[in-house]
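Down below is the structure, laid out as structure tokens.
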Amino acid sequence: MQSKTVAVEFDIENYVEVADFYDLVKTGENAHLVAALTGCIEGIIVPGKENSFFTIAGLSKVKCRDSYLFLDIYRFVSKNRNMFNYIVDYFNLWHNNEYKVFSYDKYNKNDLINNFNELASLLIEERNIASLKNNEAVTEAYDIFNSSLSDLYMSSLK
């Protein structure tokens, strides 16, 4: 079994210039996966430090079903249309430049970069755990998550 690690550098300027959520999905990626990744980067969804829960919009705490935090986040976004729509609307509000009061300053950009780096670390860590446990299905899912993160924020935005 090969170990696959993705190294991604977040191009923040290209990211904030994306005007519509569905521009992120143009590479053919699963829209729910893009929403889960974007929700974490935007800080809408915050993984808990203990990897046993995540918070939504700083208001609601969701306990994880299993030991793979991002997999639970992805499942939650995939099964919850309201959460998916909230992430899409939030992203579009901040990115489409329709309302000039919503823009990314240096602080916001640093926050996005930090969230991205934490997400990338979480995906790599959880993929490695699945691999060590010989859980091929979860390892494959995390390979897709890592690849999607890389594709979305490296290739499709340039």
Side-chain angles (χ1 to χ4, degrees), residues 1-12 14-16 18 20-92 94-95 110-158:
M1 186 173 293
Q2 294 180 343
S3 176
K4 184 177 180 181
T5 303
V6 177
V8 178
E9 184 176 328
F10 190 37
D11 188 339
I12 187 68
N14 279 335
Y15 175 79
V16 298
V18 176
D20 182 78
F21 174 82
Y22 288 99
D23 288 341
L24 295 173
V25 186
K26 68 183 175 192
T27 61
E29 298 292 339
N30 174 326
H32 292 106
L33 175 53
V34 174
L37 294 168
T38 303
C40 291
I41 293 167
E42 292 286 340
I44 299 166
I45 299 171
V46 178
K49 300 275 186 210
E50 305 87 42
N51 292 346
S52 62
F53 69 91
F54 56 94
T55 58
I56 300 170
L59 302 172
S60 182
K61 191 180 207 180
V62 179
K63 184 158 178 52
C64 293
R65 315 185 310 194
D66 58 38
S67 58
Y68 300 102
L69 181 57
F70 186 78
L71 187 57
D72 271 4
I73 291 170
Y74 169 67
R75 288 176 181 151
F76 182 82
V77 172
S78 295
K79 293 178 180 179
N80 189 319
R81 189 175 65 175
N82 289 333
M83 186 71 232
F84 174 82
N85 290 338
Y86 179 79
I87 292 168
V88 171
D89 290 345
Y90 180 95
F91 183 91
N92 289 342
W94 277 84
H95 287 256
N110 284 336
D111 198 33
L112 293 174
I113 291 168
N114 290 335
N115 291 345
F116 178 88
N117 290 334
E118 287 180 25
L119 176 60
S121 294
L122 176 68
L123 293 178
I124 291 167
E125 178 184 330
E126 290 189 347
R127 189 252 182 240
N128 290 339
I129 291 168
S131 181
L132 288 172
K133 292 181 176 181
N134 292 318
N135 190 332
E136 292 182 25
V138 174
T139 301
E140 184 177 321
Y142 274 87
D143 285 343
I144 292 168
F145 297 158
N146 280 311
S147 178
S148 295
L149 186 65
S150 178
D151 289 347
L152 288 171
Y153 297 102
M154 290 291 291
S155 302
S156 68
L157 297 180
K158 289 189 176 182

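Just so it is clear, the model here is predicted, and its values are computed rather than measured. What's counted below: heavy atoms across the whole structure, side chains too, no hydrogens, waters or symmetry copies.
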side-chain contact (heavy atoms from CB on, under 4.5 Å), paired with Met83, selected from Val62, Val88, Ile56: Ile56
Heavy-atom side-chain contact between Leu119 and Asn115 under 4.5 Å: no
Does the side chain to side chain contact (heavy atoms under 4.5 Å, CB included) test come out yes or no for Ile41 and Leu149, once each step is laid out? CA-CA 10 Å; Ile41 293 167; Leu149 186 65; 4.2 Å; yes
Does any part of the side chain of Ile144, heavy atoms only, come nearer than 4.5 Å to the side chain of Asn30, both counted from C-beta? no
Can you tell me how far apart SG (Cys40) and CG (Leu69) are? Round to the nearest 0.5 Å. 7.5 Å
Sub-4.5 Å side-chain heavy-atom contact between Asn80 and Tyr86: no
Phe21 to Asn92 - nearest heavy-atom pair and separation: N-OD1, 2.6 Å
Does the ring center of His95 lie less than 6.0 Å from the ring center of Tyr15? yes
Straight-line distance of Ile12 CD1 to Leu112 CG, nearest 0.5 Å: 4.5 Å
Could you tell me the separation between the CG atom of Leu59 and the CD1 atom of Ile44, rounded to the nearest 0.5 Å? 12.0 Å
Hey, are Glu126 and Tyr142 close enough side-chain-wise for a donor-acceptor pair under 3.5 Å? yes
Is any side-chain heavy atom of Val25 less than 4.5 Å from a side-chain heavy atom of Tyr22? yes
So, do Ile129 and Val138 sit near enough that their side-chain heavy atoms are less than 4.5 Å apart? no
When rounded to the nearest 0.5 angstrom, what is the spacing between CZ in Arg81 and NE2 in His32? 9.5 Å
Less than 4.5 Å apart, side chain to side chain, heavy atoms only: is that true for Phe70 and Pro47? no
How many angstroms lie between CG in Asn82 and CD1 in Ile87, if you round to the nearest 0.5 Å? 11.5 Å
What distance do Arg127 atom CZ and Leu122 atom CG have between them, rounded to the nearest 0.5 Å? 14.0 Å
Any donor and acceptor pair, going by atom type alone, linking the side chain of Ser121 with main-chain N or O of Asn117 inside 3.5 Å? yes
Using side-chain heavy atoms (C-beta onward) and a distance below 4.5 Å, is Tyr68 in contact with Tyr74? no
Given 3.5 Å as the limit, does a donor-acceptor pair link the side chain of Ser131 with the main chain of Thr139, or not? no
For Val77 and Phe84 the tightest heavy-atom approach is O-CB, 4.0 Å
